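See below for the structure under consideration.
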There are 2 protein chains.
Amino acid sequence: MVKAGVAAAAAVRTTRGEATRQQLIDAAIETLKDHGYAGASARVIADRAGVNQGLIFYHFDSVTGLLLAALDSVSDMRQARYSSAVDGVDSPAELVGVASSILREDLDAGHVAVLVAMIAGAATTPGLGEEVAKRIAPWTGFARDAVAGVLADSPLGSLVPAESVGFAVVALYLGMEMLTHLDGDRAPATALFDQALQLATLLGGLGGAGGTAMPKDGERM
Amino acid sequence: MVKAGVAAAAAVRTTRGEATRQQLIDAAIETLKDHGYAGASARVIADRAGVNQGLIFYHFDSVTGLLLAALDSVSDMRQARYSSAVDGVDSPAELVGVASSILREDLDAGHVAVLVAMIAGAATTPGLGEEVAKRIAPWTGFARDAVAGVLADSPLGSLVPAESVGFAVVALYLGMEMLTHLDGDRAPATALFDQALQLATLLGGLGGAGGTAMPKDGERM
DNA sequence: GTCTATACTTGGATAGAC
DNA sequence: GTCTATCCAAGTATAGAC
């Protein structure tokens, strides 16, 4: 059996502990999606991961610690996806198109459900609010910057501050997840995005330079 | 002590049981606001109400039953408030103004926090989703109708379907509550509403008939 | 360092006292 | 009709085996 670089940088080698650690994070993510914060107990998560419940406390100190690691994982993963997708976009219509196609992914895969669950849980567990807030801030920041980017050379830029639009987009995003998840019907969310795309295209046409209507998907991740 | 109409219609007389029942509902609402769904246990709620824990099961069959009664209470109360406030509004700018001033009430008082907590809880507790969905539907319906009302004689009406706008408004509403609650900062929410009001006033000015900029508060409740 | 068995706490629910 | 005492299930956390 070839073992590449025993004394090399720690990042590469996968110890047994690292494997269970990852299994626990994955199981925590799935559990948050399916059962929300209140349903994400040590026993349920550990069962799903197929490991002993006590390992959560060994690897993450507490259930809360594990859930935060899960939030980190989802947040990092999705933001990488978003960054690469938004890269090269330069009109409001394109941005709406890209946001729309990615949100569809998120709703289907339940990525935002993890954020929603953790924000909800922040109300319950002392000290969690601060930690979750730290991890949500990049989302509003990212949205603000993306909006600012396409608004810079548009006449809309002077009407709507990117700060407010970024906040609104993330809020809308979270709210849509809640409503969609609640009655299992994606149709209103889809219709809303179609609507937004149409409107953005129209405004882009009226206004300045930009304006290809259809988004590029940005498959790279 | 005067006891009006002992044999009269049941609605008026307040039995001891009714009082406890109401105390429990009030305590459940406050507990959902402060500690979220996961923190709303029978013992915590009963302690807050100053009654024995077992009474929850006597009066409401289960904790879930009590929480749904609490949701009903908040939902009914707020919708009465909304209805009376929107009554007489006939321009988009006015509507945004009214919505803005009431949302400020809601954020301060934590009314929407109860909705958010229950929607989050719906992911956890089997069967709860359906019940919560039933109680949230009137909100999107109300928003849709309010939007449709002011959009009817506006040129915007043909651009944006009230259905989608209503859905978006409720989603935005829930998302704003989450973000605001999370980092305890009302400023972004306030700024967003100021922004929306400004934009609606502008669009109203460009477009059709309506357009007094300032909302009436609709103090009656 | 990794994992298991076990201790302890809290929560939902009910039988029966008042 | 109201409340208490109590049962059992589920939760977090740790002491100690490997």
Side-chain angles (χ1 to χ4, degrees), chain A residues 3 6-7 10-11 13-25 27-28 31-32 34-70 117-118 120-121 123-128 131, chain B residues 3 6-7 10 13-25 27-28 31-32 34-70 117-118 120-128 131:
Chain A
K3 208 169 190 180
V6 173
R13 200 181 53 212
T14 304
T15 67
R16 182 122 165 279
E18 279 302 312
T20 36
R21 209 186 133 86
Q22 191 57 51
Q23 279 176 295
L24 280 170
I25 289 178
T31 305
L32 282 171
D34 292 352
H35 304 296
Y37 183 85
S41 73
R43 284 176 147 88
V44 170
I45 296 171
D47 277 2
R48 186 153 200 162
V51 303
N52 186 284
Q53 172 258 143
L55 286 173
I56 288 173
F57 303 93
Y58 171 67
H59 285 291
F60 301 94
D61 286 348
S62 64
V63 176
T64 303
L66 168 56
L67 296 179
L68 282 172
M118 289 301 288
T124 298
T125 306
L128 183 55
E131 292 301 316
Chain B
K3 207 171 190 179
V6 172
R13 198 181 53 212
T14 305
T15 67
R16 183 122 163 281
E18 279 302 311
T20 332
R21 212 186 131 86
Q22 192 56 50
Q23 280 176 297
L24 280 171
I25 289 177
T31 305
L32 281 172
D34 292 353
H35 305 295
Y37 183 84
S41 74
R43 287 176 145 89
V44 170
I45 296 170
D47 278 1
R48 185 154 201 162
V51 304
N52 185 281
Q53 172 257 143
L55 286 173
I56 288 173
F57 303 92
Y58 171 68
H59 284 292
F60 301 94
D61 287 347
S62 64
V63 175
T64 302
L66 168 57
L67 296 179
L68 282 172
M118 288 302 287
T124 299
T125 306
L128 183 56
E131 294 300 317

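Fair warning: this is a prediction, and the values are worked out from it, not measured in the lab. In the text below, chain A, chain B and the rest are named by the order of the sequence lines, each starting its count at 1.
Residue B:V51 is out of contact with every strand shown, counting any heavy-atom pair closer than 4.0 Å. Base engagement by A:G54 is indicated by at least one non-hydrogen atom pair under 4.0 Å involving a base atom. Note on B:R43: a base of the nucleic acid sits closer than 4.0 angstrom, heavy atoms only.
In this structure, CZ of B:R21 is placed 13 Å from P of D:dG1, rounded to the nearest angstrom. Separating the NE2 atom of A:H59 from the P atom of D:dT14 is a distance of 16 Å, rounded to the nearest angstrom. Taking atom OH of A:Y58 as the reference point, atom P of C:dT2 lies 4 Å away to the nearest angstrom. Put simply, CD1 on A:I45 is 12 Å from P on D:dA13, counting in whole angstrom units. Computed from coordinates, the B:Q22 CD to D:dT2 C1' distance equals 18 Å when rounded to whole Å. For B:N52 and D:dA5, the CG to C1' distance is 9 Å, given to the nearest whole Å. Rounded to an integer number of Å, the gap from B:I56 CD1 to D:dT4 P is 13 Å.
In terms of heavy atoms, B:L24 sits closest to B:A49 at CD2-CB, 4.0 Å.
Residue B:S62 has no polar side-chain atom (N or O) positioned under 4.0 Å from OP1 or OP2 of C:dG12.
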